[in-house]
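Reviewing the structure listed below.
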Amino acid sequence: MTKFSAVRRSFSPRAVTACAFATALLTMPFAAQAQTLYAPMQPQAYSQPYWQGQAYSPGYASQGYANQGYSQGYSNEAPQATDEDAQLPDRLRKQIVSFDRSEPAGTIVIDTGNTYLYYVLGNGRAIRYGVGVGREGFTWSGVQSVSRKAEWPDWHPPAEMIARQPYLPRFVAGGPGNPLGARAMYLGTSQYRIHGTNDPTTIGKFVSSGCIRLTNEDVSDLFSRVSVGTKVVVLPKNAPLMAKGGDPVRKRPAVTTLPTGRQALNIPASAVN
């Protein structure tokens, strides 16, 4: 039988110290790595993408972007309308006035010559809004009805408008920079609509291609009152004042007519030739 005997070895203090020091050096990197791996994650703040919330104007098309087919992007959250009415002259701010026409409550009447839109309340009263209307050669009159409603609508300039202004974009996504503004109410099967605007300074002026524009604040208010099927009466420029005592007589522009089928979408006044 083979016998094993324990061999007792003695180590000097210097050898023991050297061994301990080497062990400490080897374990330090692993401890640091473990601390990094198991450290709690800290929240990071990311800046908003540059294109979110930026207003787009068709005027940028003159820099060459429109012909490349670019469109403005927006976040999914619906932008909020600002208090644009505060910037308007008193006569163009939303107000309740006397109304002497026979249209029933719920009807929209557009006084083209005085740049007003009336929402009839009944009992001789109406809400009056200031609007922008068609420029020279683009006004029209007649009776339509609201066929569709849209919030923050996209804008697709029609071919006829692009032919007149080839620098326009082919598409602009809905958002605060869109010429159609916060809301749109489409009139029958025509290209006309009542909508908001990205340029409140055009309210009270003859600037559009036939559509009726309000501030985003006002169009949102009107949108909430109107249903599909609502009757819309558009009066010619030479129609008499309708609000009793609501506005002094203004100098009326010359009456113009609009050929049937004329396209009518709006762009900011700065982008109109």
*asked:* Is it the case that the side chain of Thr115 and the backbone of Lys205 share a donor-acceptor pair, with hydrogens and angles ignored and the cut-off at 3.5 Å?
replied: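 No; judged by distance alone, with no hydrogens or angles, the pair does not exist.
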Rounded to the nearest 0.5 Å, how far apart are [atom1] of [X] and [atom2] of [Y]?
X      : Y      : atom1 : atom2 : result
Glu136 : Lys237 : CD    : NZ    : 5.0 Å
Asn238 : Ser141 : CG    : OG    : 8.5 Å
Leu235 : Tyr118 : CG    : OH    : 9.5 Å
Leu180 : Asn216 : CG    : CG    : 10.0 Å
His195 : Ser208 : NE2   : OG    : 6.5 Å
Arg183 : Glu217 : CZ    : CD    : 12.0 Å

*asked:* Apply side chain to side chain contact (heavy atoms under 4.5 Å, CB included) to residues Leu117 and Asp111 and explain how you reach the verdict.
replied: CA-CA 6 Å; Leu117 181 151; Asp111 183 356; over 6 Å; no
*Would you please test Ile194 and Ile108 for side chain to side chain contact (heavy atoms under 4.5 Å, CB included) and show each step?*
CA-CA 10 Å; Ile194 300 168; Ile108 292 174; 4.2 Å; yes
*Could Arg135 and Phe206 be counted as a cation-pi pair, given that NZ or CZ must be under 6.0 Å from the ring centre and within 45° of the axis?*
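Negative - Arg135 is either too far from the ring of Phe206 or too far off its axis.
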Quick check: do [X] and [Y] have side-chain heavy atoms less than 4.5 Å from each other?
X      : Y      : result
Thr107 : Thr230 : no
Ile127 : Leu121 : yes
Arg128 : Ile96  : no
Leu222 : Lys94  : no
Arg170 : Ile162 : yes
Phe171 : Trp155 : no
Gln87  : Thr215 : no
Asn198 : Asn178 : no

I need the minimum non-hydrogen distance between [X] and [Y], along with the two atoms involved.
X      : Y      : result
Val120 : Ala126 : CA-CB, 4.0 Å
Ile212 : Val133 : CD1-CG1, 3.9 Å
Gly204 : Arg91  : O-NH2, 4.2 Å
Phe99  : Arg125 : CB-C, 3.9 Å
Gly122 : Ala105 : N-CB, 4.0 Å
Ser220 : Ala182 : OG-CB, 3.9 Å

*Would Asp221 and Tyr119 satisfy side-chain hydrogen bond (donor to acceptor under 3.5 Å, both in side chains), going step by step from the backbone distance to the final call?*
CA-CA 11 Å; Asp221 179 78; Tyr119 179 77; over 6 Å; no
*Yes or no on side chain to side chain contact (heavy atoms under 4.5 Å, CB included) for Ser145 and Lys231, after CA distance, side-chain angles and deciding distance?*
CA-CA 4 Å; Ser145 62; Lys231 181 181 178 181; 5.6 Å; no
*Where does the angle between the aromatic ring planes of Trp140 and Tyr192 fall among parallel (under 30°), tilted (30 to 60°) and perpendicular (over 60°)?*
parallel
*Looking at Arg148, Gln144, Lys149, which one forms a side chain to side chain contact (heavy atoms under 4.5 Å, CB included) with Tyr186?*
Arg148
*Check step by step if side chain to side chain contact (heavy atoms under 4.5 Å, CB included) holds for Met185 and Val219.*
CA-CA 9 Å; Met185 288 153 277; Val219 80; 3.7 Å; yes
*Take Thr197 and Asp199, measure what side-chain hydrogen bond (donor to acceptor under 3.5 Å, both in side chains) needs, and give me the verdict at the end.*
CA-CA 5 Å; Thr197 181; Asp199 187 1; 5.9 Å; no
